[in-house]
**Student:** 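Pasting a structure below so you can have a look.
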There are 2 protein chains.
Amino acid sequence: MARPTVHDVASVAGVSLATVDRVLNGRAGVREETVNRVQSAIRELGYVRDTSAANLARKREYRFAVVLPQDSSQFVATLKDALTEASASHIADRISVKIKAVLPEDPHAVARELHALRAAKPDGVAIMAQETPQVRDAISRLKADGIAVVALISDLPSSERDFFVGVNSEAAGRTAALLMGRFVRRSTGKVLAIANSMVSRDSIDRRLGFDTVMLREFAGLDVLPSVETHNDPDRVRAIVRHVAAIHDDLVGVYSMGSGNRYILDAFREIGRLHDLVYIGHELTPRSREALVSGEIDAVIAQNVGHLARSALRVLRAKCDDVAVFEAQERIRIDIVTRENLP
Amino acid sequence: MARPTVHDVASVAGVSLATVDRVLNGRAGVREETVNRVQSAIRELGYVRDTSAANLARKREYRFAVVLPQDSSQFVATLKDALTEASASHIADRISVKIKAVLPEDPHAVARELHALRAAKPDGVAIMAQETPQVRDAISRLKADGIAVVALISDLPSSERDFFVGVNSEAAGRTAALLMGRFVRRSTGKVLAIANSMVSRDSIDRRLGFDTVMLREFAGLDVLPSVETHNDPDRVRAIVRHVAAIHDDLVGVYSMGSGNRYILDAFREIGRLHDLVYIGHELTPRSREALVSGEIDAVIAQNVGHLARSALRVLRAKCDDVAVFEAQERIRIDIVTRENLP
DNA sequence: GTTTACATGAGGTACGTACATCAATTACGG
DNA sequence: CCGTAATTGATGTACGTACCTCATGTAAAC
């Protein structure tokens with residue numbers, strides 16, 4: 001009835017505690033035959049290591065680092081808060097988290113930070129960055145040092161990262177398209193797709209997903225070529241005025257990046273905010289306000305609290321070489337409207 | 001730097017380990033002045049008890065029970081699976097979960113089960129049931145026995161439950177209405193609101209929320225009086241045919257309960273499934289299929305995995321008399337479409 | 001036969017906490 | 001000043017695991 005312990009395993013396998021310990025912790029000096037005996041005893045009893053007791057005995061401390069882009073975006077700020085909160089609630093689990101901010105759009109800065117991190121010998125690193133050869137290389141070195149690595153928000157698929165904590169951007173774009181197509185009441189018209197920058201893989205994938213669904217299901221709506229704001233208010237204003245002037249049949253705006261501020265401001269200035277369907281990404285204090293006021297119709301979001309906790313859990317699992325509980329770590333694509341605001 | 005232990009507290013407070021222990025565990029025999037000294041030392045050091053070590057020493061076992069309605073609904077089935085999975089992933093945390101199924105719609109059956117549970121002296125109970133005087137009373141007795149109680153899915157607000165794990169039904173209904181209003185392309189028409197039964201508080205609240213938003217924002221759409229299916233396929237078929245015949249301007253269906261099967265079947269029979277906007281509740285294998293095929297346009301859901309894990313976490317927190325991490329336990333109202341299916 | 005390497009056992013200490021026992025100190029009423 | 005009760009200290013054991021040392025066994029190599 002009670003949970004079996006190493007003692008039970010030892011007596012069932014007919015060996016001493018020390019041998020069970022050697023097998024469990026992969027230490028040398030045990031004949032293969034004995035290893036098998038111990039392992040079948042483990043299976044027979046359904047023994048599972050008591051991680052909390054093990055961590056206690058080990059005085060284990062998980063030291064994690066999170067590399068985030070150092071930009072003023074509210075999304076990154078809320079993510080940072082969530083990480084801080086999550087690590088605070090995890091002090092009991094012996095997890096400490098250091099947050100490192102690096103200049104975004106500079107692959108060398110990220111690689112430098114990752115390189116610097118190696119010296120601190122953390123147990124795991126979560127990285128939110130664009131995939132570049134430099135970053136891939138730095139991750140490779142971290143892995144060589146035996147450090148757990150997870151990609152956060154943006155996947156780094158061709159790197160050696162252990163796991164990706166985030167959502168499928170293409171599906172997020174498809175979801176945005178579905179809402180756009182269904183929220184727009186007219187069957188024809190133009191849709192503006194606007195992003196901070198279209199060099200990031202996420203933006204590209206979102207656009208891809210968006211176009212897929214728009215073409216397939218809402219062929220009457222015409223998605224204009226993506227425009228880039230580069231986070232410049234003047235540029236945004238110019239673009240918006242230009243687009244609105246040229247296309248008198250503009251019916252919707254899809255803001256692919258997390259920065260909605262300047263875009264909203266520009267549309268508000270020309271008094272078009274309430275008659276356009278506006279779909280954006282990420283829930284921030286500002287986008288929340290805009291949802292409530294009806295300026296934004298829906299936001300495609302990922303729960304930052306979930307992201308933060310998930311990243312820490314996955315890193316810990318990778319450190320302990322334990323299977324990740326996939327169902328719990330699958331980040332959902334949240335659709336947030338003014339009525340289901342969390 | 002390192003986490004303070006009872007030893008540190010003892011030396012800072014200038015008392016022995018035994019005294020700190022007495023204070024921490026609320027045992028008698030310590031002068032009030034000394035208690036204060038110890039407590040200020042705890043505050044000063046920021047000491048937090050190492051729960052895993054404490055549980056180890058205590059040989060603590062959390063024995064929880066979950067009372068669910070014994071119906072054949074897929075939603076309850078998936079919830080049960082999620083609970084089983086969650087408890088399996090929590091064996092490491094010394095949590096064991098017993099699931100009890102009781103006849104739904106029978107307050108006496110629930111009360112009987114709760115009464116029977118008292119004998120087993122569990123540490124906590126999660127209850128999914130309608131609020132009735134009998135249930136309220138039974139909860140009261142559980143609480144008197146010092147058992148932690150959380151309401152699951154449906155709140156039991158005027159009972160003595162410690163916490164509610166679930167979503168605000170009224171907000172869920174509002175969300176459904178927003179999607180209905182925006183998905184329907186015509187500005188006038190009839191909307192059918194259909195439920196298994198309208199006696200449950202959840203259904204009433206959903207309907208309330210639904211009407212609020214429909215009236216406020218989509219006044220052209222007329223929501224018909226709620227109809228009850230009582231889970232009877234023949235009855236459903238009759239209702240659906242009747243409604244479709246009378247109202248040739250039927251544009252949408254809001255299925256307020258979790259059972260979509262018969263309703264979908266009936267609409268499919270009369271060939272109306274693809275030209276009606278269909279909004280339902282809860283993600284089940286069947287509703288998932290219907291989303292993919294386009295028969296259902298959106299589903300308002302709650303993540304059952306999250307619900308299950310949340311219930312267990314909250315019960316444990318209540319047992320340890322520790323604060324609940326609110327942000328993590330807030331269940332979101334998920335909007336699920338074919339494009340963001342989890 | 002002796003050396004050597006390897007395999008295993010036996011036992012201890014530690015982690016941070018709980019809990020029990022008993023001795024020692026203090027305070028107070030008579 | 002004594003007796004008694006309340007308070008506090010000192011110490012030990014336990015929880016399940018990790019990790020260390022030392023002893024002993026065995027078998028192959030020399």
Side-chain angles (χ1 to χ4, degrees), chain A residues 1-39 41-42 45-62 90-95 123 316 319-322, chain B residues 1-39 41-42 45-62 91-95 123 319-322:
Chain A
M1 194 69 232
R3 249 182 99 182
T5 72
V6 272
H7 294 84
D8 302 321
V9 174
S11 71
V12 166
V15 298
S16 79
L17 221 60
T19 302
V20 176
D21 182 66
R22 287 181 187 113
V23 172
L24 278 175
N25 295 293
R27 277 187 272 274
V30 186
R31 255 183 309 172
E32 199 175 318
E33 186 209 320
T34 316
V35 171
N36 292 334
R37 271 227 314 286
V38 171
Q39 275 169 346
I42 288 174
L45 289 171
Y47 168 81
V48 260
R49 190 198 298 248
D50 182 328
T51 353
S52 46
N55 286 342
L56 180 61
R58 278 203 179 101
K59 295 200 277 182
R60 187 103 169 76
E61 277 258 330
Y62 300 89
H90 272 295
I91 48 164
D93 303 341
R94 307 190 152 68
I95 292 182
D123 298 298
R316 190 175 41 163
C319 285
D320 295 345
D321 205 24
V322 162
Chain B
M1 196 67 235
R3 252 181 97 182
T5 73
V6 271
H7 293 85
D8 303 321
V9 174
S11 72
V12 167
V15 299
S16 79
L17 221 60
T19 303
V20 176
D21 183 66
R22 289 182 185 110
V23 173
L24 277 175
N25 296 294
R27 277 187 272 272
V30 186
R31 254 185 311 170
E32 199 175 317
E33 186 209 320
T34 315
V35 171
N36 292 334
R37 271 226 314 286
V38 171
Q39 275 168 347
I42 288 175
L45 289 171
Y47 168 82
V48 261
R49 192 203 231 104
D50 182 328
T51 355
S52 46
N55 287 342
L56 181 60
R58 277 203 181 100
K59 296 201 274 183
R60 186 105 170 75
E61 278 256 331
Y62 300 89
I91 48 164
D93 302 341
R94 307 190 152 66
I95 292 183
D123 299 297
C319 284
D320 295 344
D321 204 25
V322 161

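Letters A, B, ... are given to chains in the order of the sequence lines, protein chains preceding strands, and every chain is numbered from 1. What you are looking at is a predicted structure, and each value in this text was computed from that prediction instead of being measured.
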**Student:** Would you kindly give the CZ-to-C1' distance between B/Arg37 and D/dT8, to the nearest whole Å?
**Tutor:**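 For the pair B/Arg37 CZ and D/dT8 C1', the rounded distance is 10 Å.
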
**Student:** When rounded to the nearest 0.5 angstrom, what is the spacing between CG in A/Leu24 and CZ in A/Arg22?
**Tutor:**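 Spacing of CG (A/Leu24) from CZ (A/Arg22) equals 12.0 Å.
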
**Student:** B/Asp320 vs B/Arg49, test: salt bridge (Lys or Arg N to Asp or Glu O under 4.0 Å). Steps then yes/no.
**Tutor:** CA-CA 11 Å; B/Asp320 295 344; B/Arg49 192 203 231 104; over 6 Å; no

**Student:** Please produce a list of atom pairs where a protein N or O lies less than 3.5 Å from an N or O of nucleotides 19-24 of chain D.
**Tutor:**
from: D/dC19; atom 1: OP2; to: A/Arg27; atom 2: NH1; distance (Å): 2.9

**Student:** A/Tyr47 OH to D/dA18 C1': how many Å, rounded?
**Tutor:**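 My rounded result for the distance is 10 Å.
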
**Student:** Provide, to the nearest angstrom, the distance between the CD atom belonging to B/Glu33 and the C1' atom belonging to D/dT8.
**Tutor:**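 It works out to 13 Å between those atoms.
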
**Student:** Taking all non-hydrogen atoms of both residues, which atom of A/Arg60 and which atom of A/Cys319 are closest, and how far apart?
**Tutor:**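 Smallest heavy-atom distance, with atoms named: NH2-CB, 3.6 Å.
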
**Student:** Would you tell me if any nitrogen or oxygen in the side chain of B/Thr51 comes within less than 4.0 Å of OP1 or OP2 on C/dT17?
**Tutor:**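 So the side-chain polar atoms of B/Thr51 never come under 4.0 Å of the phosphate oxygens OP1 or OP2 of C/dT17.
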
**Student:** Show the nearest heavy-atom pair for residues B/Thr5 and B/Tyr47, with the distance to one decimal.
**Tutor:**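 That would be C-CE1, 3.7 Å.
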
**Student:** State, yes or no, whether a side-chain contact exists between B/Arg3 and B/Asp8 at a heavy-atom distance under 4.5 Å.
**Tutor:**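 No - every pair of side-chain heavy atoms lies 4.5 Å or more apart.
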
**Student:** What is the separation between atom CG on B/Leu56 and atom P on C/dA18, rounded to the nearest whole Å?
**Tutor:**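 About 11 Å, once rounded to whole Å.
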
**Student:** Between C1' on D/dG12 and NE2 on B/His7, what's the gap in Å once rounded to a whole number?
**Tutor:**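 These atoms are roughly 13 Å apart.
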
**Student:** Considering heavy-atom distances to DNA chain C, does B/Ala54 or B/Arg31 have its closest nucleotide positioned more toward the 5' end?
**Tutor:**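 Looking at DNA chain C, the more 5' nearest nucleotide goes with B/Ala54.
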
**Student:** On DNA chain D, nearest-nucleotide positions of B/Ser16 versus B/Ala53: which is more 5'?
**Tutor:**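 Nearest nucleotide further toward 5': that of B/Ser16.
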
**Student:** Report the distance from atom NZ of B/Lys59 to atom C1' of D/dT17, rounded to the nearest whole Å.
**Tutor:**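 It works out to 16 Å between those atoms.
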
**Student:** Whole-Å distance between C/dT8 P and A/Asn36 CG?
**Tutor:**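 Value for this atom pair: 11 Å.
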
**Student:** B/Arg49 CZ to D/dC15 C1': how many Å, rounded?
**Tutor:**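 From B/Arg49 CZ to D/dC15 C1': 15 Å.
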
**Student:** Under 4.0 Å: is that the gap between some side-chain N or O of B/Thr19 and OP1 or OP2 of D/dG9?
**Tutor:**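 Answer yes for this pair, as a side-chain N or O of B/Thr19 is under 4.0 Å from OP1 or OP2.
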
**Student:** Return the CG to CD1 distance between B/Asn36 and B/Ile42, rounded to the nearest 0.5 Å.
**Tutor:**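 With rounding to 0.5 Å, CG (B/Asn36) is 11.0 Å from CD1 (B/Ile42).
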
**Student:** State, to 0.1 Å, how close B/Val12 and B/Ala41 come at their nearest heavy-atom pair, and which atoms those are.
**Tutor:**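 Closest approach of B/Val12 to B/Ala41, heavy atoms only: CG1-CB, 3.8 Å.
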
